Amino acid sequence: MSETVRTHARVRASELVGRNWLNTGGKTLDLEALRGKIVLLDFWTFCCINCLHVLDELRPLEEQYSDVLVTVGVHSPKFEHEADPVALAAAVERYEIHHPVLDDPELETWKAYTARAWPTLVVIDPEGYIVAHLSGEGHADGLAVLIPELIAQHEAKGTLHRGSGPYVAPEPTSGTLRFPGKALFLPPGRGSTAVNGTSDDGAAAGAAGNGGAAGKGSWLVTDTGHHRLVELGTDFHTVLGTFGSGARGHADGPAAGDSAVAQFNEPQGLVLLPEDVAAKAGYDVVIADSVNHRLRGLSLADGKASTLAGSGVQRLLEAGPARVDEDAAGFTGQLGGHPLDVALSSPWDVVWSRKLNAVVIAMAGVHQIFSFDPLTGAVAIVAGNGLEGLLDGPAHEAWFAQPSGLAEDAEGNIWVADSETSALRKLAIDDDGTVTVESAIGKGLFDFGFRDGAAAEARLQHPLGVTVLPDGSVAVADTYNGAVRRYDPASGAVSTLARGLLEPSDVIVDHTHSAGSEPLLVVVEANKHQVVFVPIPKEAQQVDEGAVQTHRPKSPVAPGPLELTVRFTAPTGQKLDDRWGDPTQLKISSTPPELLASGGGTSVGLLRTLELSPDVPEGILHITARAAACDGPETEDGEIPDHAACHLYQQDWGIPVVLQGDGDTELVLDLRGMD
């Protein structure tokens with residue numbers, strides 16, 4: 001049984017320091033102004049899928065305890081683009097954040113609270129003392145116990161002040177689209193124009209102009225910020241139809257028009273099934289309903305939405321067996337049970353695979369690639385062991401980091417925009433279905449930039465979309481660089497096709513010749529709330545604005561033994577689940593690998609002695625900690641009751657270290673540290 005570590009020293013919270021405040025009506029906040037409230041600091045960055053999960057986990061708590069709890073988002077950027085205050089303001093609006101946000105581009109408050117990972121939560125009591133330091137996601141249940149305990153304690157002391165908080169809503173963005181995510185071309189005969197009929201001028205009934213001419217097809221766009229889908233004509237202005245009520249939620253049923261009852265929650269990718277498959281399945285389009293953690297189906301014939309797969313439980317929050325074995329190999333293959341009982345995690349994009357005869361899913365929340373068979377309902381893991389990073393090889397050993405865009409090439413391989421590693425990856429699929437993962441562009445979790453040239457030295461910045469061009473090269477929506485980039489597999493060269501875009505989230509080739517004789521790119525420009533045509537230039541640009549690494553504070557450590565402790569205390573009402581052995585686990589590796597002389601690998605327990613090589617001056621320690629705890633009072637014999645609800649706590653850290661003689665000989669991390 002591993003130890004958990006708890007300290008009872010009272011630590012005064014540090015002041016909140018940054019460049020600016022958002023969602024406060026222009027006011028600057030400090031801890032003195034928040035005295036008397038329970039303050040929850042959420043250290044986040046808007047690229048991070050785990051941070052987005054935490055935003056949704058906290059919403060019910062913020063609503064329930066609105067008179068005593070003040071959440072403060074401390075935005076501590078990873079990527080250069082995230083330090084742009086305009087981009088941050090757009091992200092705060094996009095994700096419907098209803099609490100104050102401190103812009104901390106220099107990581108001043110991050111360093112003051114010794115945050116080491118995104119997301120990190122810090123709880124401050126009404127007297128201004130830190131009471132909990134939590135890493136990762138999945139802490140909502142524990143907070144739901146801790147907050148009432150703090151309320152009772154400080155009401156008794158007279159130090160709790162009830163009343164409204166400092167949040168002030170910003171002015172909303174208006175328009176047909178709001179932060180659109182992905183787009184899908186509906187060929188003539190497949191869109192709503194084929195179902196609803198057309199007027200004399202060729203436009204769908206009720207549509208203005210001729211943008212919906214049935215002979216040209218139409219475009220189905222995920223209107224992510226409005227929680228719906230919009231069908232546009234080929235002019236990208238004429239609205240031919242909408243699907244979804246526009247309210248954030250999950251509901252099946254009629255989805256078309258003003259009478260829609262179906263609900264989505266930040267839908268992202270979408271794919272049109274082959275006609276023969278759609279006829280058998282009973283729906284045409286598969287949608288990645290990201291925040292609902294589900295796949296949804298849409299029938300264009302009757303405008304009805306249905307749920308195809310996903311229990312609605314975020315997959316990382318499900319306790320279960322370790323995702324990897326001692327050799328870091330993960331499970332790939334079919335997941336058992338009914339598709340509606342399978343937990344998914346932030347599906348971000350979908351594409352049809354001819355070789356797998358299935359929908360392939362970029363499962364961003366667990367850093368894996370899944371598949372879904374529309375005819376049998378089977379859900380399977382195609383690639384990725386669930387560990388976050390960039391590692392090629394056999395599918396079950398590969399690492400991804402928030403895959404967010406997919407495209408199939410002429411050979412049936414799947415290209416992947418792997419956003420958190422700023423990488424372009426490929427699933428090479430053999431005729432027998434064997435999958436091998438390869439990388440075309442990208443170096444690692446903390447390497448990015450804007451550099452063309454040889455692919456080995458080229459850099460992207462958090463790409464979200466990918467498509468295959470007519471000549472077999474690959475176009476990438478290089479989101480945080482505001483560009484569309486091109487990778488040529490034949491020459492291994494990277495170039496730039498377009499610049500000056502506002503967070504392009506998807507790119508598709510348009511073969512309809514709607515705007516001329518040459519094929520064009522269709523780009524979803526998320527932060528400009530529009531879909532636009534972009535020419536494919538004859539001569540691509542060559543850009544070199546450098547390669548960058550995320551600059552986080554480096555921890556000074558001494559060569560030789562380093563004692564690692566991960567603190568974890570189960571919430572009140574939960575107990576570490578030791579029914580099948582030690583329920584905690586550490587997996588440790590390093591970059592470069594030579595940094596770790598010993599102590600790497602996967603084993604149980606939250607304590608480990610590492611041996612750092614004196615021959616490596618600096619590097620990164622990659623640490624993954626997991627713990628499983630279950631609800632319910634213990635029975636008389638001390639065992640967890642049968643059928644108790646269980647919870648998985650997990651966090652991945654990348655700790656930059658620099659070796660020096662007088663450096664630290666111990667490293668303490670908080671998975672769930674209670675002070």
Side-chain angles (χ1 to χ4, degrees), residues 1-7 114-117 120 133 135-136 321-330 367 385-393 396-399 401 443-446 549-550 552-569 576 578 581-628 648-673:
M1 185 56 156
S2 66
E3 297 181 47
T4 58
V5 181
R6 179 169 181 156
T7 173
T114 63
R116 295 181 182 271
T120 291
H133 202 286
S135 293
R323 297 177 302 170
V324 297
D325 63 18
E326 298 295 327
D327 298 317
H367 318 298
N385 61 11
L387 297 176
E388 185 178 13
L390 192 153
L391 183 66
D392 293 336
H396 63 286
E397 297 178 2
W399 296 19
K443 186 176 180 182
L445 272 171
F446 304 105
Q549 284 192 321
T550 302
R552 295 174 299 150
K554 296 177 182 178
S555 299
V557 293
L562 178 69
E563 299 296 331
L564 171 65
T565 299
V566 176
R567 301 199 308 160
F568 177 81
T569 302
L576 280 170
D578 57 0
D582 194 324
T584 63
Q585 182 189 79
L586 283 175
K587 173 175 172 52
I588 301 174
S589 61
S590 66
T591 303
E594 296 76 20
L595 174 62
L596 269 179
S598 66
T602 302
S603 62
V604 298
L606 296 178
L607 306 174
R608 183 86 63 89
T609 300
L610 311 181
E611 184 78 21
L612 303 183
S613 170
D615 300 325
V616 179
E618 61 181 47
I620 298 174
L621 293 175
H622 304 285
I623 301 167
T624 298
R626 305 173 74 239
L648 178 65
Y649 298 87
Q650 176 174 304
Q651 179 59 33
D652 299 317
W653 289 274
I655 308 293
V657 296
V658 57
L659 276 67
Q660 53 192 52
D662 59 351
D664 296 333
T665 57
E666 63 178 8
L667 175 63
V668 179
L669 302 175
D670 284 305
L671 179 56
R672 191 176 189 276

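Every value quoted in this text rests on a predicted model; they were computed, and no experiment measured them. The first residue of the sequence shown is numbered 1, and numbering continues consecutively from there.
Within the structure, the salt bridge (Lys or Arg N to Asp or Glu O under 4.0 Å) test picks out the following pairs touching residues 611-625 (sequence neighbours left out): Lys554-Glu618. Contacts classified as salt bridge (Lys or Arg N to Asp or Glu O under 4.0 Å) and involving residues 656-668 (residues at least two apart or in different chains) are not found.
With a 4.5 Å cut-off on side-chain heavy atoms, Leu445 and Leu390 do not count as touching. Taking the side chain as every heavy atom from C-beta outward, Glu397 and Leu391 never approach each other to under 4.5 Å. Between Ile623 and Asp652, the closest side-chain pair of non-hydrogen atoms is not below 4.5 Å. Residues Val566 and Trp653 form a side-chain contact, since some pair of their non-hydrogen atoms from C-beta on lies under 4.5 Å apart. Two residues are said to be in side-chain contact when any heavy atoms from C-beta on lie closer than 4.5 Å; Thr602 and Arg626 fail this criterion. With contacts defined as side-chain heavy-atom distances shorter than 4.5 Å, the pair Gln660/Pro556 qualifies.
Scanning both residues, Leu610 and Leu596, for their nearest heavy atoms gives CB-CD2, 4.0 Å. Between Ser555 and Ile655, the shortest heavy-atom distance links the atoms OG-CG2, 4.1 Å. Among all heavy-atom pairs drawn from Leu671 and Ala627, the shortest one is CD2-CB, 4.1 Å. Contact detail for Leu595 and Leu659: the closest heavy-atom pair is CD1-CD1, 3.8 Å. The minimum heavy-atom distance linking Ala558 with Gly661 is given by the pair CB-O, 4.0 Å.
With hydrogens and angles left out, the side-chain atoms of Ser590 and His622 include no donor and acceptor closer than 3.5 Å. Judged purely by distance below 3.5 Å, without hydrogens or angles, the side chains of Thr609 and Glu563 pair a donor atom with an acceptor atom. Using modelled atom types and a 3.5 Å distance limit, the side chains of Arg608 and Ser603 yield a donor-acceptor pair. Between Ser135 and Asp670, the side chains place no donor N or O within less than 3.5 Å of an acceptor N or O (distance only, hydrogens not considered).
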Full working for side-chain contact (heavy atoms from CB on, under 4.5 Å) between Thr624 and Leu387: CA-CA 8 Å; Thr624 298; Leu387 297 176; 4.2 Å; yes
Should Leu576 and Thr584 be marked as a side-chain contact (heavy atoms from CB on, under 4.5 Å) after you check the CA-CA gap, both sets of side-chain angles, and the distance that decides it? CA-CA 8 Å; Leu576 280 170; Thr584 63; 4.2 Å; yes
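Here the CD-CZ distance, from Gln651 to Arg116, works out to 12.5 Å after rounding to the nearest 0.5 Å.
When Leu606, Leu621, Thr565, Leu564 are each tested for a side chain to side chain contact (heavy atoms under 4.5 Å, CB included) with Leu669, only one passes: Leu564.
Remark: Thr114 engages no residue in a side chain to side chain donor-acceptor pair (under 3.5 Å) (not counting sequence neighbours).
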